[in-house]
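Only heavy atoms go into these numbers, but all of them, side chains included; no hydrogens, no water, no symmetry mates.
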Amino acid sequence: MKLRFNFLFYLLGAGVMLVGCSTKKDSFVNRNWHALNTKYNVLYNGNLAFEEGREQLNESYRDNYWEILPVERLEVSGEIKLDSEDNNPNFLKAEEKAAKAIQKHSMDISDLERNPQTDEAFLLLGKSRYFDERYIPALEAFNYVLRKYEESDKLNEATIWREKTNIRLGYEELAIENLKRLFKFERLKDQEYADARAIMGQAYINLNAPDTAIQELKTAVAYTRKPAERGRYLFIIGQLFNQLDYKDSANIAFDKIIALNRRIPRVYLINAHLRKIQNTPVDPENEEDLLEYLTELEEDRENRPFLDIIYRQLAEHHQQTGSDSLALSYYNQSLRKTQLKPQLNALNYQDLADHYFDENSYRTAGAYYDSVLLNLDENTRTFRAIRKKRDNLDDVIAYEEVVQYTDSVIQIYNMSPVEREIYFQNHIDSLKAVAEAEALKKEQQASTGFAAFAETKGGKQNKGKFYFYNITSLGYGKTAFTNKWGNRELEDNWRWSNKARILTEQEALTADLDSGDEADLFSEEQRYSLDFYLDRIPKDPLVVDSLQHERNFANYQLGLIYKEKFKELMLAAGKLERVLASNPEERLILPSKYNLLKIYEAVDSPLWEDMRSDIIQNHPDSRYAAILTNPEIELSALENSPDSRYGELFRAFREQRFLEVITGAEKSINQFTGDPIVPKLELLKANAIGRLQGFIAFKEALNYVALNYPNSPEGKQAQTMIDEQIPQLENKEFSRANDSKGRENWKVVFPFKRYQVEEAEKLAGKLEKSLKDLNYKNRVSRDIYDLEDAYVVVHGFPSRDFALGYLELLKNNKDYLIERENFVILSSNYKIIQVHKNIDDYRNTIQSPKP
């Protein structure tokens, strides 16, 4: 009986399940069956995956507190995705569960959805796509909920998510309009109202309306029931007030965050403390209070994860109060503590770089600027500005090293022989003292280390045992070896100490006599030899004069760089004044005076009038005097201005007056030393040299431009030409007639001497007339070959026979009757003889019959 009852019960249950599984029948059992399966099976697992994916995003996301925080903590790649490739697997799983719920449990009967959980499935589908940055598909899901489920209790939530998606797509105005309509016609729960106001604030932030955004976020703070959101919104409000330069209002917002204390993530609390300190100007009255405030933050054990930003704030405080050494120490401590914060690293490195730049330690500053660039996004304005400053610093480093070297050499040259011996002997004694101190220190470390090890339990236990069996003793052994021998490569004859690299002649000549780095350059015997140093002092006065000229030019260039590129006017003035005080070349005097005049004018110095009078009285015919006496004259309008001179030379280049270009460019380069036009003149001169003197001279001239002006556009263009064009021009092999196979055209060339200008013009006229009469499409040109020879060339014959036929016609036609010496040449071969100036090789190899 009991067995029969169980059988009937299970049979009835199976029947109910079969009837309830249908999605086409609108009955109480069907609706509740699918609703329960949707809510407690598919959607439950989908929501779990969604929350797990969202938690992963929160853990991996790093806020940039040096910019306005976004309302929502979501890292956006900036790409608009349309598929689900390479996305978070948790969101993909949530999307699959939502799709499964829709496909298997949706009850769309008579165009009405009978399963009350389907709208939540579509909402989960949209949210999963939103966090995967697939905003277009997400928008479709939210719109479907709003259009299809008019009676759903999720309409307000769907509307808010839709407007979040519109903001991500850049439709802020549309989102604001839709949200205002939502506020007007719908009744929202407190948390929904807070979410809507918050994203509306984000829209106004994107539209650069911070005052309106503040009002929206204040409303969100009042209605949200989540302390973490309240802390974030208050911090954004403080940032926006700072942006508007309302420091007091910002501090009120930060005080509210501090009052929340442990109810919010500690990162908001610490940053609120630090922003409040930054908004407080440091003066003698509050200096100690602020330092005590920061010290308390530093010493609080709970703040250990945030020591990187606390140390940075301490560094800034000490920098403001003039304690540079403490500031540098804290900057470095901040760098050691920071993790996965490129923005913080970039700020610390930049402050260190600026400090060393101000201290004239340009090489160190350059290294720090390199570190700044490694921590910045290449597509930002800040990166481009730092990159430009770093590139300019290359010139500063090079010129400052020239000045330092020449100064030291000239100073020692001007000493008496006795003073030189005393100077170098003191230097040698200091090197010996340092070396002895280092050796003693290493010996003490080694002996102390072994003695301490011998007294340890491990040392006593391992007496008489093999050395390498004990890790501790092995460590002491490594330390002792390093102290005695240094870092040695694993190679034969490793004990040989004299492994100094062989210096090139240039390196030996330019090594600084007073740098203190000889230990890395010379052997021990040389470092401690007085005669070695004395022999390296130049003895020829012409060499010293050359060094003085080199130093003056370097100081002049430094003055221009500091003035034009770094806006360091006082540094620039010091360099230019030193040029004028050092018996400079004539070409540097007037430009130095004029640049000093502009600096004095900019800093409102009384020296401006004296320098103006000096230029007008002592250089009355110069372009600078013309500008000063008649300020309305534009520099570019003057006949002898750099731009107008370059224009004249460029026109001469186009007219193939190459010798005039070379000589004129050299004169202008000397005249306009230091002007930005100089690299352009150098490149123009290099091209003229190439046209006139050939490949080898052209390559040398380009190398000169690339090496001497590496950071100018012309220097970079020259380097590009060396890398890309020069290899293509190196080929000197001529092509035979049967090698062309109709792929090249041919030319007819009539040689002339350069002085036969009238004859060449007359021939060119005849040739142009013949081509017109014969209805040929060929072109005639007059090309310079070298200093002595020139060519009249007829271009564009499709074959050698065609060109020879044209020459035959010229000989036989009495209207033209041209019997002048000529030859026919392939276009590629003509290019080679023009590039390499090897017409004789061509005649010997191509025009001569084969043996």
Side-chain angles (χ1 to χ4, degrees), residues 645-670 681-701 729 732 734 746-772 778-797 803-804 806-811 813-827 829-848:
R645 183 59 180 150
Y646 178 81
E648 293 173 3
L649 292 173
F650 187 75
R651 284 191 293 272
F653 179 85
R654 297 185 65 176
E655 295 170 4
Q656 299 190 64
R657 292 181 279 139
F658 301 127
L659 185 59
E660 180 183 334
V661 173
I662 295 170
T663 57
E666 289 177 350
K667 181 179 179 181
S668 298
I669 288 167
N670 290 329
L681 290 167
E682 290 282 10
L683 186 59
L684 183 64
K685 185 178 79 169
N687 280 286
I689 288 172
R691 296 293 183 91
L692 199 59
Q693 300 178 22
F695 175 79
I696 295 176
F698 180 51
K699 184 177 179 179
E700 292 176 354
L729 298 175
K732 299 171 65 175
F734 296 109
W746 290 74
K747 304 178 189 296
V748 175
V749 181
F750 297 88
F752 280 87
K753 291 297 180 182
R754 290 282 300 275
Y755 60 82
Q756 296 175 314
V757 178
E758 293 184 3
E759 295 180 37
E761 289 180 351
K762 185 177 180 181
L763 177 63
K766 278 188 176 183
L767 293 172
E768 288 174 350
K769 184 176 184 303
S770 69
L771 293 172
K772 182 177 180 181
N778 301 63
R779 177 177 61 87
V780 179
S781 69
R782 284 178 293 165
D783 300 344
I784 300 298
Y785 177 72
D786 57 19
L787 286 171
E788 297 182 359
D789 299 314
Y791 298 139
V792 175
V793 186
V794 184
H795 306 265
F797 293 101
L804 292 174
Y806 173 70
L807 287 174
E808 188 68 24
L809 188 146
L810 293 179
K811 290 181 180 179
N813 193 319
K814 62 180 181 179
D815 294 334
Y816 315 120
L817 199 61
I818 299 174
E819 296 181 344
R820 191 173 182 87
E821 176 194 357
N822 59 71
F823 59 91
V824 175
I825 187 171
L826 267 173
S827 295
N829 290 340
Y830 181 74
K831 180 180 179 180
I832 290 173
I833 67 169
Q834 281 288 18
V835 169
H836 293 277
K837 308 301 177 186
N838 56 349
I839 183 63
D840 293 335
D841 294 342
Y842 175 76
R843 286 172 172 161
N844 293 333
T845 57
I846 300 298
Q847 293 186 325
S848 299

Chemist: Does a side-chain heavy-atom distance below 4.5 Å link Val661 with Leu684?
Modeler: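 With C-beta onward as the side chain, the pair touches.
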Chemist: Tell me every residue that passes salt bridge (Lys or Arg N to Asp or Glu O under 4.0 Å) with Lys769, counting only those two or more places apart in sequence or in another chain.
Modeler: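 Expected list: Asp773.
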Chemist: Phe734 and Asp841: side chain to side chain contact (heavy atoms under 4.5 Å, CB included), yes or no, with the steps?
Modeler: CA-CA 9 Å; Phe734 296 109; Asp841 294 342; 4.2 Å; yes
Chemist: Tell me whether Ser770 contacts the main-chain N or O of Leu767 through its side chain, where contact means a donor paired with an acceptor under 3.5 Å.
Modeler: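 Checking the backbone N and O of Leu767 against the side chain of Ser770, a donor-acceptor pair under 3.5 Å is found.
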Chemist: Please find the pair of heavy atoms, one from Ile689 and one from Ala701, that lie closest to each other, and give the distance.
Modeler: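 Looking at all heavy atoms of both residues, the shortest contact is CD1-CB, 4.2 Å.
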Chemist: Phe752 vs Val757, test: side chain to side chain contact (heavy atoms under 4.5 Å, CB included). Steps then yes/no.
Modeler: CA-CA 8 Å; Phe752 280 87; Val757 178; over 6 Å; no
Chemist: Does a side-chain N-to-carboxylate-O contact under 4.0 Å join Glu761 and Arg782?
Modeler: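 A salt bridge is present here (some side-chain N lies under 4.0 Å from a carboxylate O).
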Chemist: Quick one, Leu826 and Lys831 - any side-chain contact, counting heavy atoms below 4.5 Å?
Modeler: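 Contact flag for Leu826/Lys831 side chains = no.
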Chemist: Let me know which of Ile839, Asn838, Ile833 forms a side chain to side chain contact (heavy atoms under 4.5 Å, CB included) with His836.
Modeler: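 The side chain to side chain contact (heavy atoms under 4.5 Å, CB included) with His836 is passed solely by Asn838 among Ile839, Asn838, Ile833.
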Chemist: Would you sort out whether Tyr830 and Tyr791 count as a side chain to side chain contact (heavy atoms under 4.5 Å, CB included), showing the intermediate values?
Modeler: CA-CA 11 Å; Tyr830 181 74; Tyr791 298 139; 3.9 Å; yes
Chemist: Roughly how far, to the nearest 0.5 Å, is the CD atom of Glu768 from the CG atom of Leu763?
Modeler: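 Answer rounded to 0.5 Å: 10.0 Å.
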Chemist: To the closest 0.5 Å, what do you measure between NZ (Lys762) and CD (Gln756)?
Modeler: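 Lys762 atom NZ to Gln756 atom CD measures 13.0 Å (nearest 0.5 Å).
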Chemist: What residues form a salt bridge (Lys or Arg N to Asp or Glu O under 4.0 Å) with Arg754, not counting sequence neighbours?
Modeler: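 Not a single residue meets the salt bridge (Lys or Arg N to Asp or Glu O under 4.0 Å) criterion with Arg754.
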Chemist: Do Tyr646 and Leu681 come close enough that some side-chain heavy atom pair is under 4.5 Å?
Modeler: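 A side-chain contact under 4.5 Å exists here.
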Chemist: Ignoring hydrogens and geometry, is there a side-chain-to-backbone donor-acceptor pair from Lys837 to Ile832 under 3.5 Å?
Modeler: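 A pair under 3.5 Å: no.
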Chemist: Using salt bridge (Lys or Arg N to Asp or Glu O under 4.0 Å) as the criterion, list what pairs up with Glu655, not counting sequence neighbours.
Modeler: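 Per chain and number, Glu655 pairs via salt bridge (Lys or Arg N to Asp or Glu O under 4.0 Å) with Arg657.
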Chemist: Is any side-chain heavy atom of Leu692 closer than 4.5 Å to one of Tyr785?
Modeler: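 Side-chain contact under 4.5 Å: no.
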Chemist: Hey, can you tell me if Tyr842 and Phe823 have their rings parallel, tilted or perpendicular (30° and 60° cut-offs)?
Modeler: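 Because their plane-to-plane angle lies in the 30° to 60° range, the rings of Tyr842 and Phe823 count as tilted.
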Chemist: Would you please name every residue forming a ring pair (Phe, Tyr, Trp, His ring centres under 6.0 Å) with Phe653, sequence neighbours left out?
Modeler: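 Ring pair (Phe, Tyr, Trp, His ring centres under 6.0 Å) list for Phe653, sorted by chain: Phe658.
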Chemist: Who pairs with Phe750 by ring pair (Phe, Tyr, Trp, His ring centres under 6.0 Å), at least two apart in sequence or on another chain?
Modeler: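 Scan of Phe750 (ring pair (Phe, Tyr, Trp, His ring centres under 6.0 Å), adjacent residues dropped) gives none.
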Chemist: Could you tell me whether a side-chain N or O of Asn844 sits under 3.5 Å from a main-chain N or O of Asp840, the two making a donor and an acceptor?
Modeler: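 Yes, the answer is positive, given that a donor and an acceptor are paired below the 3.5 Å cut-off.
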Chemist: With a cut-off of 6.0 Å (strictly less than), are more than 12 heavy atoms of other residues, nucleotides or ligands near CD1 of Ile696?
Modeler: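 12 or below, so no.
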Chemist: To the nearest 0.5 Å, how far apart are CD1 in Ile825 and CZ in Arg843?
Modeler: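 The CD1 atom of Ile825 sits 9.5 Å away from the CZ atom of Arg843.
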Chemist: Restricting to non-hydrogen atoms, name the atom on Asp783 and the atom on Gln656 that form the minimum distance, rounded to 0.1 Å.
Modeler: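 For Asp783 versus Gln656, the nearest heavy atoms are CA-OE1, 3.4 Å.
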Chemist: Less than 6.0 Å separating the ring centroids of Phe797 and Tyr806?
Modeler: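 For Phe797 and Tyr806, the ring centres are under 6.0 Å apart.
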Chemist: With sequence neighbours excluded, tell me which residues meet side-chain hydrogen bond (donor to acceptor under 3.5 Å, both in side chains) with Glu808.
Modeler: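 Applying side-chain hydrogen bond (donor to acceptor under 3.5 Å, both in side chains) to Glu808 gives Asn812.
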Chemist: Considering residues at least two apart in sequence or located in another chain, which fulfil the side-chain contact (heavy atoms from CB on, under 4.5 Å) criterion with Arg651?
Modeler: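 Arg651 satisfies side-chain contact (heavy atoms from CB on, under 4.5 Å) with Glu648 only.
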Chemist: State which residues pass side-chain hydrogen bond (donor to acceptor under 3.5 Å, both in side chains) with Lys747; sequence neighbours excluded, sorted by chain then number.
Modeler: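 Lys747 satisfies side-chain hydrogen bond (donor to acceptor under 3.5 Å, both in side chains) with His795 only.
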Chemist: For a quick test of reading the model, state the closest non-hydrogen atom pair linking Asp786 to Ile784 and the distance between them.
Modeler: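 Smallest heavy-atom distance, with atoms named: O-CG2, 3.7 Å.
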Chemist: Work out which heavy atom in Val824 is nearest to a heavy atom in Leu807; give both atom names and the distance.
Modeler: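 Shortest heavy-atom separation between Val824 and Leu807 comes out as CG2-CD1, 3.7 Å.
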Chemist: Can you name the side-chain hydrogen bond (donor to acceptor under 3.5 Å, both in side chains) partners of Glu700, sequence neighbours left out?
Modeler: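 By the side-chain hydrogen bond (donor to acceptor under 3.5 Å, both in side chains) rule, Glu700 matches no residue at all.
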Chemist: Please identify each residue that fulfils side-chain contact (heavy atoms from CB on, under 4.5 Å) with Lys766, with sequence neighbours left out.
Modeler: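 Partners of Lys766 by the side-chain contact (heavy atoms from CB on, under 4.5 Å) criterion, ordered by chain and then number, come out as Ile818.
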Chemist: Which atom pair, heavy atoms only, marks the closest approach of Pro751 to Asn822?
Modeler: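 Minimum heavy-atom separation between Pro751 and Asn822: CD-CA, 4.1 Å.
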Chemist: side-chain hydrogen bond (donor to acceptor under 3.5 Å, both in side chains) with Thr663: which residues, sequence neighbours excluded?
Modeler: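 Counting only residues at least two positions away or on another chain, Thr663 forms no side-chain hydrogen bond (donor to acceptor under 3.5 Å, both in side chains).
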Chemist: Any side-chain heavy-atom pair from Val794 and Arg779 closer than 4.5 angstrom?
Modeler: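 No, side chains not in contact.
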Chemist: What residues form a salt bridge (Lys or Arg N to Asp or Glu O under 4.0 Å) with Asp789, not counting sequence neighbours?
Modeler: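 Salt bridge (Lys or Arg N to Asp or Glu O under 4.0 Å) list for Asp789, sorted by chain: Lys753.
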Chemist: Give the minimum heavy-atom separation between Gln693 and Ile662, together with the two atoms involved.
Modeler: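 Nearest pair, atom of Gln693 first, then Ile662: NE2-CD1, 4.4 Å.
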